[in-house]
Amino acid sequence: MSESDSPKSAGEDVARRVLILFAHPALEKSRVNRRLIDAVRQLPGVTFHDLYEAYPNFMIRVEREQELLEQHDVVVMQHPLFWYSTPALFKEWQDLVLEHGWAYGSQGRALHGKLLLSAITTGGREAAYCAEGMNRYTIRQLLAPIEQTTRLCGMRYLPPFAVHGSHAMPEQTIEAHARDYRRVIEALRDDLLPLESTQGLRRLNLDLESLLGAQHAQ
Ligand SMILES: Cc1cc2nc3c(=O)[nH]c(=O)nc-3n(C[C@H](O)[C@H](O)[C@H](O)COP(=O)(O)O)c2cc1C
């Protein structure tokens with residue numbers, strides 16, 4: 001049985017149990033996502049689940065995925081941006097796992113009240129992700145299908161944790177993003193993220209000092 005067949009348990013002694021669903025079809029070539037996952041995968045209270053490792057043939061075990069979701073309070077969808085969207089396996093995962101009568105519909109309440117965070121890396125620089133830029137939309141705007149899916153399922157959507165400009169990124173900048181990612185995951189787990197203050201942000205990691213500092217001051 002591979003590690004992803006039975007992801008490491010999140011444990012019980014935390015404010016919120018965090019499930020990181022990770023999708024990268026070529027992890028051996030990754031520079032940025034690899035470092036981000038290294039920063040969080042062993043954290044207490046965090047379950048790390050590598051979808052391409054678990055399902056290299058796209059044969060998703062729907063009941064297993066639904067059980068995992070039910071066991072956690074925060075769901076993180078981490079992946080590189082591919083064609084302004086998710087890698088293909090994540091789309092398959094959504095199509096199969098988020099069933100009517102379970103995730104949505106009058107009887108579908110399994111995900112109600114859980115938090116959802118997208119953690120995204122992009123090759124394009126942040127300046128290209130705006131109305132005047134080459135990509136014409138912000139990353140948050142491009143993730144509207146995920147935001148709306150989240151809301152349809154009764155979940156609470158957070159602005160994305162976004163790392164732009166991955167191709168030319170110096171090592172120390174990658175390290176800084178990995179530290180920020182760890183802070184965000186820990187704050188979510190420990191219920192230290194001021195959720196109301198995040199709602200208008202185009203990305204969650206715009207100014208973490210103010211965001212997390214404000215919480216400590218309360
Ligand atoms: C098939 C494919 C599609 C991609 N589409 C986009 C895109 O739409 N926008 C973008 O900014 N980068 C795009 N990229 C670049 C990836 O987002 C980038 O390589 C990744 O974020 C780097 O993360 P890593 O170091 O973990 O692999 C694409 C890359 C591939 C292979």
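When a ligand or atom number is given, it counts from 1 through the structure's own listing order. The structure presented is a predicted model; accordingly, all values stated were derived computationally and were not measured.
Screening His164, Arg202, Glu126 against Ile139 for a side chain to side chain contact (heavy atoms under 4.5 Å, CB included) leaves a single residue, His164.
Tyr181 and His177 have their aromatic ring centers separated by at least 6.0 angstrom.
Residues Glu147 and Arg151 are paired through a salt bridge, judged by an N-O separation under 4.0 Å between the basic side chain and the carboxylate.
Contact residues of ligand 1 (protein heavy atom closer than 4.0 angstrom to a ligand atom; sorted by chain and number): His24, Ser30, Arg31, Val32, Asn33, Pro80, Leu81, Phe82, Trp83, Tyr84, Thr121, Thr122, Gly123, Gly124, Tyr129, Ser166, His167.
The side-chain heavy atoms of Val163 and Thr122, taken from C-beta on, include no pair separated by under 4.5 Å. You'll find the side chain of Arg35 stays beyond 4.5 Å of the side chain of Arg179, heavy atoms only.
Dense packing is recorded around CD of Gln199, with more than 12 heavy atoms of other residues, nucleotides or ligands lying under 6.0 Å away.
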